[in-house]
Amino acid sequence: MSETLAVIDFETSGLGPANGGRATEIAAVLVRGGAIVGEYQSLMHTGVYVPPFIEQLTGISNEMLEGAPPAEQVMREVAEFTRGCPMIAHNAGFDRGFWQFEMRKAEIEPDPAHEFACTVLLARRLYPEAPSCKLGQLARWHELPDMGRAHRALADAKTTAHLLIRMERDIEQQFGQELGVAPVRHELLARLQKANKTALKRCVADYAAVWRRRAQQPLPLQA
DNA sequence: TGCCAGGCCCTCTTTAGGGCCTT
């Protein structure tokens, strides 16, 4: 059973909406069956001022944002693009904060499927020997494909997608016995990111048992 | 013009503090 996950990445004018930070660019990459199957990217105009440090970091200038589509339009497009897909982000607390803020600003109804899982938390558990859990460091450490300029939304979202695919493969290899025939789905990723690092095997085994029980239940009758 | 945060984890902890990660 394959599940489509949406990997998202924001570029922003600051570290949080609470201090006036706004999104400047968003990318969403759809991952299914161990492969990237779709992508969306757009700059977005909110009227926010981009400080020189951020402009240097991301390459996104105030002039570029002047001609960008309005944030409300972009959020509607990306919400439709990711509809029904659980979300993945690197340091998900950051992207979730901007996602919820920009969705509210655009007056878009929240999608209950948009639960976030975090590749930083997962990496800390799966790869404790990694030199760091920064996205670029993990990409080099795993020798993931080069997706282009870092700190642009699509490049970072694609790199995170490749990291996610690598993690799914490593989970299957590392916990194959506990996992049995249960697939690596978003629910398992969300559980693993919160599990005590010494109890990963038990977490995977519990997930697999629940999944098998569900799989044995008859499908509900159609109305 | 250009400042700034917050959630999470680990441990020399739990009545706390420091580091990581994102722009």
Side-chain angles (χ1 to χ4, degrees), chain A residues 5-29 41-66 68 71 74-75 78 87-105 114-142 144 147-164 166-167 186 189-200 202-203:
Chain A
L5 302 179
V7 180
I8 71 158
D9 186 76
F10 275 106
E11 302 305 317
T12 72
S13 66
L15 286 173
N19 294 348
R22 292 296 302 269
T24 57
E25 185 180 43
I26 187 170
V29 173
Q41 174 273 332
S42 181
L43 293 170
M44 48 202 285
H45 180 73
T46 64
V48 73
Y49 170 80
V50 179
F53 165 71
I54 301 293
E55 182 174 332
Q56 191 170 22
L57 180 73
T58 64
I60 298 171
S61 66
N62 290 290
E63 290 72 26
M64 289 165 68
L65 295 178
E66 279 300 315
V74 173
M75 291 307 296
V78 74
M87 308 288 252
I88 302 283
H90 200 68
N91 197 26
F94 175 85
D95 292 282
R96 182 177 52 221
F98 279 100
W99 176 267
Q100 293 172 343
F101 181 84
E102 297 296 348
M103 288 283 281
R104 276 198 304 272
K105 277 276 182 187
H114 284 158
E115 292 286 330
F116 278 75
C118 177
T119 46
V120 171
L121 297 181
L122 283 166
R124 285 178 182 160
R125 281 153 182 75
L126 294 174
Y127 312 120
E129 69 278 25
S132 128
C133 286
K134 290 180 181 177
L135 182 59
Q137 284 269 6
L138 282 171
R140 281 189 290 277
W141 191 65
H142 278 308
L144 300 178
M147 291 294 110
R149 191 192 197 286
H151 296 296
R152 285 302 297 264
L154 184 58
D156 283 359
K158 281 184 168 178
T159 300
T160 305
H162 282 289
L163 177 61
L164 170 68
R166 172 63 187 253
M167 285 175 162
H186 188 271
L189 302 176
R191 286 192 192 195
L192 279 179
Q193 72 176 2
K194 294 177 183 172
N196 185 306
K197 66 180 180 181
T198 62
L200 291 181
R202 170 178 286 187
C203 176

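Just so it is clear: chains get the letters A, B, ... in the order the sequence lines come, proteins before strands, and each one is counted from 1.
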* To do: Ignoring hydrogens and angles, state whether a donor on the side chain of A:Thr119 or A:His90 is under 3.5 Å from an acceptor on the partner side chain.
  => yes

* **Nearest-neighbour nucleotide for the A:His151 side chain, B:dC9, B:dT23, B:dC21 considered** => B:dT23

* Asked: With a 4.5 Å heavy-atom cut-off, do A:Phe101 and A:Arg96 have their side chains touching?
  -> no

* Atom C1', compared across B:dT13 and B:dG17: separation rounded to whole Å -> 9 Å

* To do: Please measure how far the P atom in B:dG18 lies from the corresponding atom in B:dT23, and state the result in whole Å.
  => 26 Å

* To do: Take the protein atom CD of A:Glu102 and the nucleotide atom C1' of B:dT23, then report the distance between them rounded to whole Å.
  => 13 Å

* **Value in whole Å for how far the P atom of B:dC21 lies from OH of A:Tyr127** => 15 Å

* Answer with base, sugar-phosphate or nothing: what part of the nucleic acid does A:Gln193 contact at a heavy-atom distance below 4.0 Å? => sugar-phosphate

* **Candidate nucleotides B:dT23, B:dG2, B:dC21, ranked by approach to the side chain of A:Arg124 - the nearest** => B:dC21

* Using a 4.0 Å heavy-atom cut-off across all strands, classify A:Asp9 as base, sugar-phosphate, or nothing. => sugar-phosphate

* Asked: Taking C-beta and beyond as the side chain, do A:Met167 and A:Leu192 meet within less than 4.5 Å on heavy atoms?
  -> no

* Value in whole Å for how far the C1' atom of B:dT22 lies from CZ of A:Phe94 -> 5 Å

* Would you please classify the geometry between the A:Phe98 ring and the A:Phe10 ring as parallel, tilted or perpendicular, with 30° and 60° separating the classes? => tilted

* Euclidean distance, atom CD1 of residue A:Ile54 to atom P of B:dC4 [Å, nearest integer] -> 12 Å

* Which part of the nucleic acid, if any, lies within contact of A:Phe10, taking any heavy atom under 4.0 Å across all strands shown: a base, the sugar-phosphate backbone alone, or nothing? -> sugar-phosphate

* Please tell me which of the listed nucleotides, B:dT23, B:dC4, B:dC21, lies nearest to the side chain of A:Asn19? => B:dC4

* Using a 4.0 Å heavy-atom cut-off across all strands, classify A:Thr24 as base, sugar-phosphate, or nothing. => nothing

* A:Tyr49, nearest nucleotide to its side chain (from B:dC21, B:dT1, B:dC8) -> B:dT1

* Asked: A:Thr12 side chain N/O closer than 4.0 Å to the phosphate oxygens (OP1, OP2) of B:dT22?
  -> no

* Atom CG of A:Leu135 to atom C1' of B:dC20: distance rounded to whole Å? -> 14 Å

* To do: Considering only atom C1', compute the distance from B:dC9 to B:dT14 and round it to an integer number of Å.
  => 14 Å

* To do: Please check the phosphate of B:dT22 (OP1 and OP2 only) for any side-chain N or O of A:Arg96 closer than 4.0 Å.
  => no

* For atom C1', what is the distance between B:dG7 and B:dG2, given to the nearest Å? -> 25 Å

* **Approximate separation, where rounding is to 0.5 Å, of A:Glu55 CD and A:Asn62 CG** => 6.0 Å

* Atom CG of A:Leu122 and atom P of B:dT22: how far apart are they, to the nearest Å? -> 14 Å

* **Inter-nucleotide P distance (B:dC20, B:dT15), Å rounded** => 25 Å

* **OP1 or OP2 of B:dC21 under 4.0 Å from side-chain N/O of A:His90** => no

* To do: Find the distance A:Met44:CE to B:dT23:C1' and express it as a whole number of Å.
  => 14 Å

* **Sugar-phosphate only, base, or nothing, as touched by A:Asn62 at under 4.0 Å among non-hydrogen atoms** => nothing

* Between B:dC12 and B:dG19, how far is it from one C1' atom to the other, in whole Å? -> 15 Å

* Which nucleotide in the set B:dT22, B:dT23, B:dC9 lies at the smallest distance from any side-chain heavy atom of A:Lys134? -> B:dT22

* If you draw a 6.0 Å radius around CD in A:Gln56, do more than 12 non-hydrogen atoms from other residues or ligands fall strictly inside? -> no

* Asked: Rounded to whole angstroms, how far apart are CD1 on A:Ile60 and P on B:dT23?
  -> 10 Å

* Asked: If each of A:Phe53 and A:Leu121 is mapped to the nucleotide of DNA chain B with the nearest heavy atom, which maps nearer the 5' terminus, i.e. the 5' end?
  -> A:Leu121

* Structure fact -> Regarding the side chain of A:Asp156, the nearest nucleotide among B:dC21, B:dA5, B:dT23 is B:dT23

* To do: Working to the nearest 0.5 Å, report the span between OG1 of A:Thr160 and CE of A:Met147.
  => 11.0 Å

